[in-house]
Amino acid sequence: MRRVTVYDSRTRETRVFAPIHPPRVGLYVCGMTPYAPAHVGHARTMVVFDVVTRALRRWGYRVFYVQNVTNLDDKLIARAADEGVDPLALAERHFAAYRAAMERLGVHSVNLYPFATDYVPEILTQIAQLIERGFAYRAPDGSVYFEVAKFPGYGALSGQKIEALRPGARVERDERKRAPEDFVVWKASTPGEPSWDSPWGPGRPGWHIEDTAMTVRLLGERYDLHGGGLDLIFPHHEAEIAQAEGATGAAPLVNYWMHSGLLLFEGTKMSKSLGNVATLDGALDEYGAMTLRLYYLNAHYRSPLDFDPVKSLPEAREAYARLAQPADRIAALLARGGPEREGAELPATLADAAPAFVERLDATLAEDFDTRAAIALLFGWTRKLLESGVNWDDLSGPALAELRAPYDWGSEVLGLFGGPTGDAAGAWAEIVPVAIAARTRARARGDFAEADRIREALAAVGVRLEDDARGTRWSFASAP
RNA sequence: GCCGAGGUGGCAGAAUGGUUAAUGCGACGGACUGCAGAUCCGUUUCCUGGGGGUUCGAUUCCCUCCCUCGGCUCCA
């Protein structure tokens with residue numbers, strides 16, 4: 001296992017990552033509440049933790065990645081009522097769409113997507129423990145509240161002081177609570193809502209309790225990594241700590257808290273009321289998965305990132321086109337000739353460089369998942385290959401594979417440089433040269449209209465032609 | 001008000017107590033080209049919010065001020 005450092009939001013320091021039961025790693029990431037289509041902000045968080053997981057796995061850690069699905073809460077119930085559908089069915093539908101979008105984005109690292117409503121027994125057990133240990137109390141209407149004053153550590157994660165919260169006065173006065181900062185763990189049911197029986201009467205889980213009930217069940221009373229967006233630190237993650245540590249007595253619940261920076265939209269927070277929400281599917285349609293992933297990963301994961309459809313995204317698209325240029329060309333050559341392909345060996349300036357370079361990539365990323373620095377290195381590799389003036393077309397399979405190695409690393413860890421390979425590429429390899437030959441003849445006799453027609457026809461199906469001194473080259477246009 | 005993150009070149013955005021302040025995008029000039037694209041060469045060599053302080057030396061450390069953004073129980 002490689003030495004990895006991780007910045008922990010709770011202790012506010014970067015420490016060497018030491019799992020409780022190496023090489024196993026328990027990772028829990030707060031997923032979305034599927035009451036509306038996923039937006040590009042959700043996707044940033046998911047790509048960040050996808051890369052964390054891919055990297056740890058590459059380095060020998062056995063990561064069990066759990067991402068919860070809050071398939072029942074106030075928003076879902078309200079939205080379902082608007083649409084006149086069952087809230088659980090609404091959640092199911094949006095979750096399916098979310099999964100499909102994640103597939104398009106190349107996020108395949110999650111092991112388990114547990115649904116909140118499948119953990120009601122665990123939730124009831126945990127609430128009973130909290131009441132028994134004096135951390136929670138029952139309200140007259142059958143709701144159960146966590147009593148923040150009973151948990152001295154409350155506020156440690158976010159740096160909030162309870163006294164400081166009260167003057168904020170955004171908390172509505174609620175007669176059922178002993179203090180304004182107390183939060184609900186069990187909500188007495190309102191007629192028409194889904195509800196479950198409990199010792200305190202029919203009701204449904206509060207927002208925070210599902211996570212701790214799931215984590216204790218799936219990852220244990222203490223586990224290694226918890227991720228999520230920065231906006232969840234308070235109160236959600238604060239509440240998780242209070243609930244889990246209160247219920248089990250084991251502390252700390254989580255050894256390393258990782259929070260991803262929020263995505264802004266043209267400089268301000270995305271919100272539905274401002275109408276500045278970009279859906280993930282729309283962004284995938286417009287920019288493609290590779291551009292989006294590069295865009296997300298080309299920023300430090302804790303920094304805010306500005307989603308600007310006319311500036312930052314087109315820039316990312318240009319940057320990706322350059323970065324992936326050698327990767328795509330080498331992949332296309334390997335797909336056609338295969339790894340056994342005959343040809344020249346690498347020039348001395350490039351020979352043996354790749355293994356050391358890949359090691360540098362790993363070492364760089366292992367410093368608190370510095371994807372940006374790793375990408376800067378990959379740009380350096382691209383520049384080195386382009387400036388070397390090597391004739392790709394003449395290289396042997398093993399030589400090409402060596403040049404491709406850093407991009408394979410990028411593919412494995414960052415999820416970049418995907419593209420058609422195997423059979424699909426093979427079929428194109430039969431057809432495209434025929435079209436190129438026809439175009440070359442047309443150009444030779446000066447029939448440029450015909451030549452352009454052929455080029456455009458191929459472009460329409462995703463094959464890009466480029467002429468240079470050696471003739472016409474083709475490649476797959478970066479797939480959107 | 002409280003908590004937190006920031007203010008770096010035309011833009012995005014790194015890094016470091018001290019040689020030419022990463023990387024990318026963009027721009028300009030040139031090569032190549034039927035066109036386009038890609039690539040290459042050159043230029044963008046006077047960029048670190050204001051003011052103090054520590055230091056031989058600060059963009060980097062300390063203090064202060066100004067400004068921006070986020071959180072403060074809907075939130076990835």
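When reading the values below, keep in mind they use all heavy atoms of this one structure, side chains included, and skip hydrogens, waters and symmetry mates. Chain letters run A, B, ... following the sequence lines, proteins first, then strands; residues in each count from 1.
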Sugar-phosphate only, base, or nothing, as touched by A:Glu318 at under 4.0 Å among non-hydrogen atoms: sugar-phosphate

Ionic contact status for A:Arg453 with A:Glu456, cut-off 4.0 Å: no

Phosphate OP1/OP2 of B:rU23: any A:Arg383 side-chain N/O under 4.0 Å: yes

Spacing between A:Glu466 atom CD and B:rC35 atom P, to the nearest angstrom: 16 Å

Aromatic ring pairing A:Tyr287/A:Phe307, orientation class (parallel under 30°, perpendicular over 60°, tilted between): perpendicular

Value in whole Å for how far the P atom of B:rU73 lies from CD1 of A:Ile233: 15 Å

Touch class at under 4.0 angstrom, heavy-atom based, for A:Arg445 against every strand present: nothing

B:rU60 versus B:rA21 - spacing of their P atoms, nearest Å: 16 Å

Atom pair distance, as rounded to whole Å: CG in A:Leu230 and P in B:rA76: 13 Å

Stepwise side-chain hydrogen bond (donor to acceptor under 3.5 Å, both in side chains) test for A:Lys177 and A:Tyr145: CA-CA 7 Å; A:Lys177 295 183 183 181; A:Tyr145 288 90; over 6 Å; no

Validation row, ring centre A:Phe183 to ring centre A:His208 under 6.0 Å: yes

Touch class at under 4.0 angstrom, heavy-atom based, for A:Arg453 against every strand present: nothing

Parallel, tilted or perpendicular: ring planes of A:Trp207 versus A:His236, cut at 30 and 60 degrees: parallel

Rounded interatomic separation in angstrom, taking NE2 from A:His237 and C1' from B:rC3: 17 Å

Short side-chain N/O contact from A:Lys177 to OP1 or OP2 of B:rU73, under 4.0 Å: no

Centroid separation A:His237 to A:His259 less than 6.0 Å: yes

Stem regions touching RNA chain B, defined by at least 3 consecutive Watson-Crick or wobble G-U pairs below 3.5 angstrom: B:1-7 with B:66-72, B:10-12 with B:23-25, B:26-31 with B:39-44, B:49-53 with B:61-65

Backbone of A:Ala139 reached by a side-chain donor or acceptor of A:Ser143 within 3.5 Å: no

Closest to the A:Asp231 side chain, choosing from B:rG4, B:rG24, B:rA76: B:rA76

Distance, C1' atom - from B:rC41 to B:rA15, rounded to whole angstrom: 28 Å

Any N/O donor-acceptor pair, A:Asp467 side-chain to B:rC35 base, under 3.5 Å: yes

A:Val47 to A:Leu297 - nearest heavy-atom pair and separation: CG1-CD2, 3.8 Å

Charged tip of A:Arg178 within 45° of A:Tyr137 ring normal and under 6.0 Å: yes

Nucleotide-resolved protein contact map, nucleotides 6-16 of chain B, B/S/- at heavy-atom distance under 4.0 Å: -----SBSS--

Spacing of A:Tyr296 atom OH relative to B:rA76 atom C1', expressed in whole Å: 10 Å

Backbone N/O of A:Tyr223 and side chain of A:Tyr28: donor-acceptor pair under 3.5 Å: no

Closest nucleotide among B:rG70, B:rG24, B:rC35 to the A:Ala319 side chain: B:rG24

Sugar-phosphate only, base, or nothing, as touched by A:Leu262 at under 4.0 Å among non-hydrogen atoms: base

Length of the CZ-P vector between A:Arg10 and B:rC3, whole Å: 20 Å

Under 3.5 Å donor-acceptor, A:Thr364 side chain and A:Arg360 backbone: yes

Sugar-phosphate, base or nothing in reach of A:Leu263, heavy atoms under 4.0 Å: base

Nearest listed nucleotide, side chain of A:Gln160, among B:rC35, B:rC3, B:rA22: B:rC3

N-O pairing of A:Asp8 and A:Arg12 below 4.0 Å: no

Near-ring test A:Tyr113/A:Phe95, centroid separation under 6.0 angstrom: yes

For atom OH of A:Tyr65 and atom P of B:rA76, their distance in whole Å: 13 Å

Sugar-phosphate only, base, or nothing, as touched by A:Gly31 at under 4.0 Å among non-hydrogen atoms: sugar-phosphate

Sugar-phosphate only, base, or nothing, as touched by A:Phe448 at under 4.0 Å among non-hydrogen atoms: base

Atom C1', compared across B:rC66 and B:rG57: separation rounded to whole Å: 27 Å

Touch class at under 4.0 angstrom, heavy-atom based, for A:Arg302 against every strand present: nothing

Nearest to side-chain heavy atoms of A:Lys75, which nucleotide of B:rG34, B:rG70, B:rC74: B:rC74

Donor-acceptor pair present, A:Lys269 side chain and B:rC75 base, under 3.5 Å: yes

Closest to the A:Arg443 side chain, choosing from B:rC75, B:rA76, B:rC35: B:rC35

Pairwise C1' distance, B:rU59 and B:rA22 [rounded to whole Å]: 15 Å

Closest-nucleotide ordering on RNA chain B, the 5'-leading residue of A:Ser158 and A:Trp207: A:Ser158

Sugar-phosphate, base or nothing in reach of A:Gln325, heavy atoms under 4.0 Å: sugar-phosphate

Proximity to RNA chain B (any heavy atom under 4.0 Å), residues of residues 36-45 of chain A only: A:His39, A:Gly41, A:His42, A:Thr45

Given B:rC72, B:rA76, B:rC35, the nucleotide with the shortest approach to the side chain of A:Phe234: B:rC72

For atom CG of A:Leu386 and atom C1' of B:rA38, their distance in whole Å: 9 Å

B:rA12 to B:rC47 separation - C1' atoms, rounded to the nearest Å: 14 Å

Below 4.0 Å: OP1/OP2 of B:rU39 and any side-chain N or O of A:Arg322: yes

Salt bridge present between A:Asp73 and A:Arg204 (N-O < 4.0 angstrom): no

salt_bridge(A:Asp306, A:Lys311) N-O dist < 4.0 Å: no

P atoms of B:rG53 and B:rC75, separation to the nearest Å: 48 Å

base_contact_polar (B:rC25 base, A:Arg317 side chain, donor-acceptor, <3.5 Å): no

Expected output: side-chain A:Arg293 to main-chain A:Leu414 donor-acceptor under 3.5 Å: yes

Whole-angstrom distance between B:rU16 and B:rG7, as gauged at atom P: 13 Å

Distance, P atom - from B:rC2 to B:rC65, rounded to whole angstrom: 12 Å

